[in-house]
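All values below were derived from every heavy atom in this structure, side-chain atoms included, with hydrogens, water molecules and symmetry-related copies excluded.
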Amino acid sequence: MTAIKEPSFRESVDLMFNRAAALMDLPPGLEEKIRVCNATYTVRFGVRLRGQIHTFTGYRSVHSEHMEPVKGGIRYAMAVNQDEVEALAALMTYKCALVEAPFGGSKGGLRIDPRKYEEHELEQITRRFAYELAKRDLINPSQNVPAPDMGTGEREMAWMADQYARMNTTDINARACVTGKPLNAGGISGRVEATGRGIQYALREFFRHPDDVKKAGMSGSLDGKRVIVQGLGNVGYHAAKFLSEEDGSLVVGIIERDGAIYNPEGIDVEAVHQWIVKHGGVNGYPDATHTAEGTAVLEEDCDILIPAALEGVINLSNAERIKAPLIIEAANGPVTAGADEVLRKKGTVIIPDMYANAGGVTVSYFEWVKNLSHIRFGRMQRRQEEARHELIVKELERLDRYLGDAWSMSPDFKAKYLKGADELELVRSGLDDTMRIAYQAMSEVWHDRDDVDDLRTAAYIVSIDRVAKSYRAKGL
Ligand code: GLU
């Protein structure tokens with residue numbers, strides 16, 4: 001047993017930041033300026049429910065305003081506290097910088113167990129929270145743009161957007177005040193699954209770099225790789241589903257609140273998802289072995305471990321026993337600074353949170369741009385693109401006739417080529433491009449610098465450098 005005390009989440013993020021900053025040549029004082037959270041607002045408000053007043057505590061922390069608006073989700077959970085919100089806000093700053101989303105970092109939270117409330121009660125609570133934040137410009141299309149996080153989703157974002165619009169009746173850009181809204185309330189196609197999709201694109205990009213794959217002691221592609229995922233919420237579910245259905249990976253373990261299920265032959269992610277919707281947990285799922293002590297499955301044999309639930313789940317108490325050679329942090333902060341050190345020494349490759357789960361904020365960025373431009377992506381050019389493609393297809397058909405048996409078009413070429421891209425395809429293409437480019441920036445630092453031996457430090461270096469450049473451009 002180790003005697004070292006586990007730092008708090010906030011301290012953990014700072015330690016990781018410091019590790020990278022120590023390798024950089026920042027002007028005196030700038031390091032400190034970037035590291036600290038600019039402001040954290042705490043609000044306590046009362047809502048009358050079931051005949052009595054309930055008092056709730058919420059936070060919105062702004063880490064860095066080197067770019068505005070600042071961006072980041074709002075989570076609903078009992079564990080929400082200032083330290084956590086500040087750590088998450090800091091991660092948003094670095095995440096946005098890494099994927100070149102033009103935002104500063106922010107995060108919010110409400111201390112609540114949403115499962116204990118009826119929908120209409122949650123609406124009342126959410127609207128009141130949104131009112132408190134909007135009143136102080138902590139929800140605002142040009143200053144602070146929240147999004148979903150743990151315990152919140154499209155429904156909450158729609159309530160918040162509507163609350164803001166009621167308070168700002170002449171703001172033509174009101175819809176851009178939050179992202180992650182449902183499609184009919186100004187959302188964008190592909191936002192719900194964006195973080196999970198981003199995990200898939202991140203892993204695909206990782207496996208396009210054989211040298212990096214080798215560092216994790218693996219070879220080949222995602223096909224056949226054994227995956228364990230912790231948390232089958234929005235992020236974990238989509239990541240596991242896409243990897244198993246589209247990339248040939250084998251999901252062998254799923255860890256949930258009520259234990260874990262394991263099957264070395266592979267688990268049908270969609271079937272488990274349906275099971276959870278119906279039964280509230282994984283217990284009793286027929287085609288796998290259930291273990292009540294779920295977190296023990298983090299230590300099972302696999303190729304890729306995807307912690308997609310809470311922060312701090314891989315810590316000093318279990319890091320030594322983690323067998324996965326590759327961890328992709330779908331959650332924010334699932335590996336503590338102490339565990340990170342242990343894993344680094346063991347040679348485990350970690351694809352860090354600020355990159356891995358950036359798919360959500362990337363598509364949020366697209367949604368915000370869509371809201372500000374007041375037009376769906378692809379609306380102007382889709383049919384024109386199709387008309388131009390048709391010209392080529394017609395020419396090819398002419399050639400086809402001319403060449404007779406010597407050549408013919410592939411059977412589905414025409415249909416595939418003719419189709420202009422719709423919003424969802426454009427969103428996916430933008431996300432894919434973002435994940436590739438950000439990976440390359442990170443990986444380059446990892447390879448080029450002898451003093452950088454992990455992707456997390458590389459990611460911090462890229463991000464801190466970009467934030468520092470913005471501050472310098474502002475004259476700081
Ligand atoms: N809550 C998500 C995150 O942690 C999304 C933030 C956003 O879309 O602004 O990245």
Side-chain angles (χ1 to χ4, degrees), residues 71 99-103 141 145 147-148 153-155 157-158 161 172-205 208 222 234-235 237-247 269-270 273 357-397 409-439:
K71 190 93 191 71
V99 294
E100 297 177 281
F103 303 126
V145 182
E154 287 188 331
R155 183 181 65 173
M157 296 308 113
I172 197 170
N173 292 320
R175 280 188 153 180
C177 74
V178 298
T179 56
K181 303 176 292 292
L183 210 51
N184 62 14
I188 194 167
S189 311
R191 174 63 184 86
V192 173
E193 68 271 30
T195 315
R197 189 61 82 189
I199 298 289
Q200 177 193 33
Y201 290 164
L203 280 171
R204 283 185 181 172
E205 183 59 14
R208 274 187 208 107
L222 276 167
N234 182 40
V235 181
Y237 160 61
H238 284 109
K241 181 178 163 74
F242 297 149
L243 289 169
S244 57
E245 290 178 4
E246 297 171 16
D247 296 281
V269 176
E270 189 52 45
H273 173 68
N357 68 38
V361 75
T362 299
V363 177
S364 275
Y365 169 40
F366 302 155
E367 178 177 333
W368 181 72
V369 171
K370 174 187 180 181
N371 293 152
L372 295 180
S373 58
H374 299 267
I375 190 165
R376 183 181 73 232
F377 286 109
R379 182 161 173 181
M380 300 296 279
Q381 59 275 53
R382 184 175 179 189
R383 304 300 167 192
Q384 193 261 358
E385 201 183 304
E386 287 182 1
R388 286 166 63 90
H389 285 182
E390 192 155 12
L391 286 177
I392 295 187
V393 166
K394 282 214 171 98
E395 284 304 297
L396 286 173
E397 278 172 344
M409 265 194 282
S410 314
D412 55 352
F413 169 78
K414 185 174 168 181
K416 270 196 189 156
Y417 189 70
L418 268 183
K419 202 174 150 291
D422 61 13
E423 184 172 81
L424 183 60
E425 284 163 303
L426 292 169
V427 162
R428 284 190 188 160
S429 138
L431 177 59
D432 191 7
D433 187 55
T434 303
M435 296 310 288
R436 290 186 199 217
I437 289 177
Y439 185 84

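The only option from R376, E423, E367 that meets the side-chain hydrogen bond (donor to acceptor under 3.5 Å, both in side chains) definition with S189 turns out to be E423. With K414 as reference, E397 is the one residue of E390, K419, E397 to meet the side chain to side chain contact (heavy atoms under 4.5 Å, CB included) rule.
Here the shortest heavy-atom pairing between V145 and V178 reads CG1-CA, 3.7 Å. Smallest separation of non-hydrogen atoms from A147 and S364: CB-OG, 4.1 Å. Closest non-hydrogen pair, L431 versus G198, comes out as CD2-N, 4.0 Å. The shortest non-hydrogen separation linking L372 to A176 is CD2-CB, 3.7 Å. Here the shortest heavy-atom pairing between C177 and A161 reads SG-CA, 3.8 Å. Of all the heavy atoms in L396 and M409, the pair that sits closest is CB-SD, 4.1 Å.
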(request) Please lay out, stage by stage, how Y365 and V361 fare under the test side-chain contact (heavy atoms from CB on, under 4.5 Å). (result) CA-CA 6 Å; Y365 169 40; V361 75; 5.9 Å; no
(request) Test side-chain contact (heavy atoms from CB on, under 4.5 Å) on E100 and I437 and set out the steps. (result) CA-CA 10 Å; E100 297 177 281; I437 289 177; 4.1 Å; yes
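Expressed to the nearest 0.5 Å, how far CG of L426 lies from CD of Q381 amounts to 7.0 Å. For the atom pair CZ of R428 and CD of E193, the computed distance is 6.5 Å after rounding to the nearest 0.5 Å. Going from atom CZ of R204 over to atom CG of D432 covers 7.5 Å, rounded to the nearest 0.5 Å.
The number of heavy-atom neighbours closer than 6.0 Å to CG of L391, taken from other residues, nucleotides and ligands shown, is above 12. Around atom CZ of R208, more than 12 heavy atoms belonging to other residues, nucleotides or ligands sit under 6.0 Å away.
Using a 4.5 Å cut-off on side-chain heavy atoms (C-beta onward), I392 and R388 make no contact. Residues T362 and Y201 have side chains not in contact (no heavy-atom distance under 4.5 Å, counting atoms from C-beta outward). For the pair K181 and N371, the minimum side-chain heavy-atom distance is below 4.5 Å. Inter-residue side-chain proximity for H238 and T195 is flagged as unmet; no heavy-atom pair is nearer than 4.5 Å. Residues H273 and E270 meet the side-chain proximity criterion, which asks for heavy atoms closer than 4.5 Å. F377 places a side-chain heavy atom less than 4.5 Å from the side chain of V369.
Within the 3.5 Å criterion, the main-chain N or O of A202 finds no donor-acceptor partner in the side chain of E205. In this structure, the side chain of N234 engages the main chain of V192 through a donor-acceptor pair within 3.5 Å.
A salt bridge is absent between E425 and R382; no separation between the charged side-chain nitrogens and carboxylate oxygens falls under 4.0 Å. One finds a salt bridge joining E245 and K241 here, because a Lys/Arg side-chain nitrogen approaches an Asp/Glu carboxylate oxygen to under 4.0 Å. Note on R191 versus E154: no salt bridge recorded, every NZ/NE/NH1/NH2 to OD/OE distance being 4.0 Å or above.
The closest side-chain donor-acceptor pair between K71 and T179 falls under 3.5 angstrom.
Note on ring orientation: taking the six-membered ring where Trp is involved, the planes of H389 and Y417 are parallel (angle under 30°, cut-offs 30° and 60°).
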